[in-house]
J.: 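This is the structure I want to talk about, given as structure tokens.
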Amino acid sequence: NAFAAGRQGGYTIAPATNYGWDGGRNNFVNGYHDNRMTGNTFNRGPPRMERGRGGVGGGGYRGNRGGSFNPINPAQPMSFGGYGNENAGGWNTAKDAYSSFGNNRGKSAFFNDRGNANRGRFEHGGFGGGGGGGNSRWVEESRDDGDWSKPTPRNERLEHELFSGSNTGINFEKYDDIPVEATGQNCPHHIESFQDVDMGEIVMGNIALSRYTRPTPVQKYAIPIVKSKRDLMACAQTGSGKTAAFLLPILSQIYADGPGEALNAAKASGQENGKFGRRKQYPISLVLAPTRELALQIYDEARKFSYRSRVRPCVVYGGADIGQQIRDLERGCHLLVATPGRLVDMMERGKIGLDYCNYLVLDEADRMLDMGFEPQIRRIVEQDTMPHKGIRQTMMFSATFPKEIQILARDFLEEYIFLAVGRVGSTSENITQKVVWVEESDKRSFLLDLLSATGKDSLTLVFVETKKGADALEDFLYREGYACTSIHGDRSQRDREEALNQFRSGKCPILVATAVAARGLDISNVKHVINFDLPSDIEEYVHRIGRTGRVGNLGLATSFFNDKNGNITKDLLDILVEAKQEVPSWLESLAYEHQHKSSNRGRSKRFSGGFGARDYRQTAAGVNAGGFGGRGGRNQAGHGGTRGFGGGGFGNFYTSDGYGGNYSHSQVDWWGN
DNA sequence: AAAAAAT
């Protein structure tokens, strides 16, 4: 069960006050509101706020916690003896510790996070942010100075917080025959079980607590590659366990190697600023993500895998109070998860130095390197103090990776391994994909039909193209009596996280979202993804529908298609065929017509200059002699043959007309960026 | 004719 699960219930902690949020809003209701109540009389502007969604659950957790501890002011310093020294060196395995917490949503009420609404991210460091320490400087330094490969003492309460969350049973056995391509010089052999590689006591203990049994395909390959200090570009389908595929080996290396120079640098920084002054932090590992919620989710995973270690993970992102984040950093930061803008801010404020950052991860790497993000990535990676490529280790992960972006990505990689589990950009066959012709004017009533046929307990994620559209549709559904919420970039960060929490918990089983929720978010029990508006590029489509059908579960994706979606016709058809989905005959005809209409077949102006790559598609089955290795290992754009479909079963849909034919549209034509 | 990401 080696999946990077999403945020687990049961450990985020309510802030004593709500100062940690953007917008300076002081009008939170410090108590729990039923979603349908309209009792909030504060003037908050948007109608959604009048529905009581703004209520922060300051009171919500008390009952749920059974009064067993006060999450705001936990006893401290943390008692090492309190949990029994006889356990200090040992690990609970899944069975003895947590079998009763099961893998369903209705877990024990004692650990049930439901109704907690929103709980601050930066209040929990005192007892959760990496385990081991209270607030005192002494404790922190003693933690830094110890043997990093040895587990720190248990903390049962923290263990419950981190590991009692849902753990959907995954069934990846049937993926064992998925074609895998791993190319590059001296590629390490893959593993078959977590025991096949030495990840150390701490990581193995946390794997057991997470109830992971076997590595997923991407983990089988990525773990030994990362462990052997190789750069990596990894492509694997949505929901196939990529987050753990980098967190586990990176943390295991950090535990094995200790803090090294970073510790001295952090201490020196403390000296400069006075004994108890503000220390600049020098994270050993940096993980960059394209959205704030994804950064938070990765951070939550990192907390699990750094339990009982000396590594302290932190997260920084925009929209939340920076002072709070700075204070959290100052308590120690060895692994930092960040969105780019806030990280740059932290660097410029002298709070973060990347001088000793030996591990760099770009999650959703194709997004991180596209036009919107690339300058910021270069600013962070190339124009500051980050060790150069070849010195640091750079890892990129995504389910999609257009060829042009792969080529760009080589700027940041040295002698890297290219790993593709299945064809790059393909969708899981666990997702049933439906495409229905729906005129704009019929979309709402069609949506209502779909929703009325949806079971009460399953979550439905509805994607729209614009923020305005998200607000409008959410209001419409609300008026129709559905418990729904929405997430998009114009909402406050606090509202965004609350919306996500309410969706995850099932309190609002319908979430209307823009692209902000398309990538990476791991929400269990999403049964249906609806593309109310189809996106204009196929990568976005792949990521959106990948919010369902995760970890071996089945999912459904329904897309509303009409005249406006001509641009995605061909790519959508290809995706459906490859995933062995039913293809409406009208779609086939349209794709054929569109092929002849379209003249500009480049992916974008930016990439329109020809490079050798003729085919952005790749298949894991397509390794051939003319590829990567056969040309001295430097032709990394090739990654081997991209057209050796052979027994891969993908057909020839991507090969008929080479590079251009795979992209029959261009975003640039429409939006000029 | 857009989303996201610092303030």
J.: Side chain of A:T514, heavy atoms from C-beta onward: which of B:dA4, B:dA5, B:dA2 has the nearest atom to it?
T.: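 Out of B:dA4, B:dA5, B:dA2, the nucleotide with an atom closest to A:T514's side chain is B:dA4.
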
J.: Would you kindly give the CE-to-C1' distance between A:M368 and B:dA5, to the nearest whole Å?
T.: 8 Å

J.: Over all strands shown, is A:V516 touching base, sugar-phosphate only, or nothing at heavy-atom distances under 4.0 angstrom?
T.: sugar-phosphate

J.: In this structure, how many angstroms lie between the C1' atom of B:dA5 and the CZ atom of A:R519, rounded?
T.: 14 Å

J.: Measure from CZ on A:F373 to P on B:dA4 and round the result to the nearest Å.
T.: 10 Å

J.: Would you say a side-chain N or O of A:R292 is under 4.0 Å from OP1 or OP2 of B:dA6?
T.: yes

J.: Within less than 4.0 Å of OP1 or OP2 of B:dA2, is there a side-chain N or O belonging to A:S536?
T.: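 The answer is no; no side-chain N or O of A:S536 sits under 4.0 Å from OP1 or OP2.
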
J.: Are side-chain N/O atoms of A:R550 and A:T548 paired as donor and acceptor at under 3.5 Å?
T.: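 Judged by distance alone, the side chains do not pair up.
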
J.: Measuring to OP1 and OP2 of B:dA3, would you say a side-chain N or O of A:T291 lies under 4.0 angstrom away?
T.: no

J.: With sequence neighbours excluded, what pairs up with A:R379 under the salt bridge (Lys or Arg N to Asp or Glu O under 4.0 Å) test?
T.: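 A:R379: salt bridge (Lys or Arg N to Asp or Glu O under 4.0 Å) contacts with A:E348, A:D384.
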
J.: Atom CE of A:M347 and atom C1' of B:dA6: how far apart are they, to the nearest Å?
T.: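 Distance, rounded to whole Å: 13 Å.
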
J.: With a non-hydrogen cut-off below 4.0 angstrom, is A:G372 in contact with a base, only sugar-phosphate, or nothing?
T.: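 Result for A:G372 = base.
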
J.: Whole angstrom is fine here: how far is it from CD in A:Q325 over to C1' in B:dT7?
T.: 13 Å

J.: Name all pairs fulfilling the ring-ring contact (aromatic ring centres under 6.0 Å, His included) condition that reach into residues 346-369 of chain A, sequence neighbours left out, sorted by first residue then second.
T.: A:Y282-A:Y356

J.: Which of the following nucleotides, B:dA5, B:dA6, B:dA3, is nearest to the side chain of A:R496?
T.: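 Of B:dA5, B:dA6, B:dA3, B:dA5 is nearest to the side chain of A:R496.
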
J.: Can you find a side chain N or O atom of A:K467 that sits less than 4.0 Å from OP1 or OP2 on B:dA4?
T.: yes

J.: Within this structure, what is the CZ-to-P distance between A:R367 and B:dA2, rounded to whole angstrom?
T.: 16 Å

J.: Just how far, in rounded Å, is C1' of B:dA5 from CG of A:L369?
T.: 14 Å

J.: For A:D370 and B:dA5, what is the distance between atoms CG and P respectively, to the nearest whole Å?
T.: 13 Å

J.: In terms of relative ring orientation, are A:F561 and A:W437 parallel, tilted or perpendicular, with 30° and 60° separating the classes?
T.: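 It falls in the tilted class, 30° to 60°.
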
J.: What is the ring orientation for A:F532 with A:F560, classed by angle as parallel under 30°, tilted 30 to 60°, or perpendicular over 60°?
T.: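 A:F532 and A:F560: tilted rings.
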
